[in-house]
2 protein chains.
Amino acid sequence: MQIEFLGTGAGSPGKFRNVSSLALRLLEERNSIWLFDAGEGTQHQILRTTIRPRKIDKIFITHLHGDHIFGLPGLLSSRSFQGGNEKLTIYGPKGIRNFVLTSLKVSETKLSYYIEFVEIENEGEIYSDDKFTVYARKLDHKIECFGYRIEEHDHQGELMVDKLREDQIPSGPVYGQLKAGKTVTLPDGRVINGHDYIGHAQKGRIIAILGDTRRTPNSSVLAENADVLVHESTFAKDEANLAHNYYHSTNMQAANIARDGHVGRLLLNHISARYTGKMALELEKQAKSIFPRTKVVKDFDLIDIPFDKERQTN
Amino acid sequence: MQIEFLGTGAGSPGKFRNVSSLALRLLEERNSIWLFDAGEGTQHQILRTTIRPRKIDKIFITHLHGDHIFGLPGLLSSRSFQGGNEKLTIYGPKGIRNFVLTSLKVSETKLSYYIEFVEIENEGEIYSDDKFTVYARKLDHKIECFGYRIEEHDHQGELMVDKLREDQIPSGPVYGQLKAGKTVTLPDGRVINGHDYIGHAQKGRIIAILGDTRRTPNSSVLAENADVLVHESTFAKDEANLAHNYYHSTNMQAANIARDGHVGRLLLNHISARYTGKMALELEKQAKSIFPRTKVVKDFDLIDIPFDKERQTN
Ligand SMILES: [Zn+2]
Ligand SMILES: [Zn+2]
C-alpha cells in the first residue's frame with residue numbers, strides 16, 4: 001500500500017505542482033488503485049507513473065472545485081481508450097454525476113465500461129468489502145466537501161498450511177478446528193494446539209485523506225489514530241485569518257490535528273504556488289515544531305504505508 | 001502574426017504531444033491572441049510559453065470531442081484567476097455553451113469577465129472587424145465540426161507623413177487629397193502627386209485552420225489561396241480506408257488540398273501517437289511528394305506568417 005501524489009498544488013496548475021490528485025495504490029491488497037480527486041492534467045501525470053488507468057476502480061472526489069475535478073472527463077475517456085472495461089465507481093458530492101455525464105454527452109464519448117455514481121448524502125460508511133471500509137465526513141469548505149477515512153480490516157492470523165504439512169498433519173476438517181484456535185487430538189495420538197499453527201495477526205492500516213477545509217472537528221474524527229493523514233496546507237503559520245477567510249487551513253492547524261489524533265505520519269498537500277522550494281520546506285519545518293513526523297509532499301512522491309506506523313520514516 | 005502549436009496529438013495526450021490546441025498570435029495586429037480548440041492541459045502548455053491567458057479574447061472550437069474541449073473550463077478559470085477581466089467570445093458547435101456553463105456552475109466558479117457564446121448555425125462569416133473577417137464551414141467528422149478561415153483585410157497604403165514633412169508640405173486638408181491619390185497644387189506653386197506619398201499596399205494574409213475531418217469539398221473552399229493551411233493528418237499514405245472509416249484524413253489528402261488550393265504552406269497536426277519521431281518525419285516526406293512546402297508540426301512550434309507567402313520557408 002502506497003500513496004502516490006499526482007498533484008500537490010492549490011487552485012491553478014503551476015510549473016512545479018499540478019492541481020489536486022492522489023492515488024492510493026492497493027495493488028497488493030486488491031489489485032486496484034483508488035484515486036482521490038482528479039484536477040486537470042491528472043491523466044498527463046499518470047502517464048509519467050506506472051499507474052495503468054484501467055486499474056483505477058474507484059475515484060473519490062472531495063469537492064467540486066475545478067482544481068479537483070476538471071481532469072475527470074479526460075481521464076475517464078482515456079481509461080476507455082486504453083481498454084478498461086471493468087466498472088468504475090465515483091464517489092463525491094451531489095453534482096459530480098451531472099458534470100461527468102454532461103461532459104461525456106456533449107463530447108459524444110462512449111465509454112467501454114459502466115460508471116456507478118455514489119453522490120454522498122449522509123456521513124458515515126460509504127463502502128465496505130472484505131478488506132476495507134471507507135467512511136466520509138463533511139468538512140468546512142466554501143462548497144460541500146468531504147474527507148475520507150479508509151480502514152483496512154485487521155488481518156486474522158493465517159493457518160500456516162506449509163508448517164502443518166511439514167509436521168505431517170493430514171488435511172481435513174481438523175484444519176478448520178486448528179484455525180479456530182482449538183486443541184485437537186490426531187488419530188496417531190498427537191495433541192496439537194491450533195495457536196501453534198496460526199500466523200501473526202496484524203492490525204489493519206488507517207488512511208485519512210482530507211479535502212480542502214477550514215479547521216473543523218470532523219477532521220479530527222477522520223484522522224483519529226490514522227497511520228497516515230493527508231491534510232491540506234494552503235496557508236502558513238501566521239496566516240490563520242487568511243485561511244479562515246478562504247475556507248482553508250494552515251500547516252499548524254494540520255499539525256495539531258495530527259498530534260492530537262496520534263497519527264503515524266502527516267503529509268501536507270494543496271501547497272500554494274506562493275510557497276516555492278525553500279518556502280515549502282519552511283512550511284514543513286514550522287509544522288514539525290508541533291508534529292515531527294510531517295512531510296510537505298511534491299508531485300510524484302511515493303509514500304509507502306507499512307503495517308507498523310511506528311516504523312514510518314520521514 | 002504567428003501560429004503557436006500547443007497540442008499536436010490525436011485522441012489522448014501522449015508523452016510527446018498534447019491534445020489539440022493552437023494559438024493564433026495577433027499581438028502586433030490587435031494585441032490579442034485567438035485560440036483554436038482547448039484539449040485538456042492547454043493551460044499547462046500555455047504556462048510554458050509567453051502567452052498570457054488574459055490576452056486571449058476569442059476561442060474557436062472546431063468540434064466537441066473531448067480532446068478538443070476538456071481543457072476549456074480550467075483555462076477559463078485560470079484566465080479569471082490571473083486577472084483577465086475583458087470579455088471573451090467562444091465560437092463553436094451547439095453544445096459548447098452547455099458544457100462550459102455546466103462545468104462552471106457545478107464547480108461554483110465565478111469568472112471575473114463575461115463570456116459571449118456564439119454557437120454556429122450557418123456557414124459563412126461569423127466575425128468581422130476593421131482588420132479581420134472569419135468564416136466557418138462544416139467539415140465531415142463523426143460529430144459536427146467546423147473549419148475556420150481567417151482573412152486579414154488588405155492593407156491600404158499609408159500616407160507617408162514623415163516624407164511630407166521632410167519635403168515641407170504643410171499639413172491640412174491637402175493631406176486628405178494626397179491620401180486619396182489626387183494631384184494638388186500647393187500655395188507655393190509646387191505640383192504634388194499623392195501617389196508619391198502613399199506607402200506600399202499589402203494584401204492581407206489568409207489562415208485556414210481545419211478541425212478533424214474526412215476529405216470533403218469544404219476543406220478546399222476554406223484553404224483556397226491561404227498563406228497557411230493547418231490540416232489534420234491522423235493517418236498516413238496507405239491508410240485512406242482507415243481515415244475514411246474513422247472520419248479523419250491522411251497526409252496525402254491534406255497535401256492534395258494544399259496543392260490544388262495554391263496555399264503558401266501546409267502545417268500537419270493531429271498526429272497519432274503511433275507516429276513517433278522518425279515516423280512523423282515519414283508522414284512529412286510522403287506529403288512533400290505532393291506539396292513540398294509541408295511541415296509536420298510539434299508542440300511549441302512557433303510558425304511565423306509573413307506577408308508574402310512566397311517567402312515562407314519550411
Ligand atoms: Zn477547494
Ligand atoms: Zn475529433
Side-chain angles (χ1 to χ4, degrees), chain A residues 7 9-16 18-19 38-48 53 61 63-82 92-111 141-145 273, chain B residues 7 9-16 18-19 38-48 53 61 63-82 92-111 141-145 273:
Chain A
S12 308
K15 276 188 186 165
F16 304 107
N18 197 33
V19 285
E40 183 180 356
T42 294
Q43 64 165 324
H44 299 68
Q45 299 288 84
I46 285 176
L47 276 179
R48 296 175 57 188
I61 299 295
H63 66 299
L64 304 183
H65 277 155
D67 57 323
H68 295 252
I69 63 165
F70 284 165
L72 202 43
L75 175 65
L76 297 176
S77 306
S78 292
R79 184 182 189 267
S80 180
F81 187 73
Q82 288 162 34
K94 188 163 167 46
I96 190 64
R97 185 170 181 277
N98 179 25
F99 170 67
V100 170
L101 292 186
T102 300
S103 301
L104 297 178
K105 189 179 170 198
V106 164
S107 60
E108 296 190 9
T109 307
K110 274 127 196 112
L111 299 180
H141 197 42
K142 197 172 183 185
I143 193 173
E144 181 169 64
C145 183
Chain B
S12 308
K15 276 189 186 164
F16 305 107
N18 198 33
V19 285
E40 183 181 355
T42 294
Q43 64 164 325
H44 299 68
Q45 299 288 86
I46 286 176
L47 275 179
R48 297 175 55 188
I61 299 296
H63 65 298
L64 305 183
H65 277 156
D67 58 323
H68 295 252
I69 63 166
F70 284 166
L72 203 43
L75 175 65
L76 298 176
S77 306
S78 292
R79 184 182 189 266
S80 179
F81 187 72
Q82 288 162 34
K94 188 163 166 47
I96 190 64
R97 186 170 180 277
N98 179 25
F99 170 67
V100 170
L101 292 187
T102 300
S103 302
L104 296 178
K105 189 180 170 197
V106 163
S107 60
E108 296 189 9
T109 306
K110 273 127 196 112
L111 299 181
H141 197 42
K142 197 172 183 185
I143 194 174
E144 181 169 65
C145 183

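Protein chains get the first letters and strands the later ones, always in sequence-line order, with residue 1 at the start of each.
Using a 4.5 Å cut-off between heavy atoms, B:Asp67 makes no contact with chain A at all. For a residue to count as touching a neighbouring chain, one of its non-hydrogen atoms must lie under 4.5 Å from one of that chain's; by this rule A:Phe70 touches chain B with backbone and side chain alike. Proximity to chain B is limited to the side chain of A:Ser77, based on heavy atoms less than 4.5 angstrom apart. For A:Thr42, the part lying under 4.5 angstrom from a heavy atom of chain B is the backbone only. A:His65 touches chain B through backbone and side chain together, each having a heavy atom under 4.5 Å away. Heavy-atom distances place both the backbone and the side chain of A:Leu47 under 4.5 Å from chain B.
Top candidate by heavy-atom pairs under 4.5 Å with chain B, chosen from A:Pro73, A:Pro93, A:Gly95, is A:Pro73.
No side-chain heavy atom of A:Phe99 sits less than 4.5 Å from a side-chain heavy atom of A:Leu64. Counting only heavy atoms from C-beta outward, the side chains of A:Leu72 and A:Ile96 approach each other to under 4.5 Å. Side-chain contact between B:Glu40 and A:His44: present, with at least one pair of heavy atoms (C-beta onward) separated by less than 4.5 Å. Counting heavy atoms from C-beta outward, A:Gln43 and B:Pro13 have side chains that approach closer than 4.5 Å.
Residue A:Ile143 comes nearest to A:His63 through the heavy atom pair CG2-CD2, 3.6 Å, listed as atom of the first residue, atom of the second, then distance. Of all the heavy atoms in B:Ile46 and B:Leu75, the pair that sits closest is CD1-CD1, 3.9 Å.
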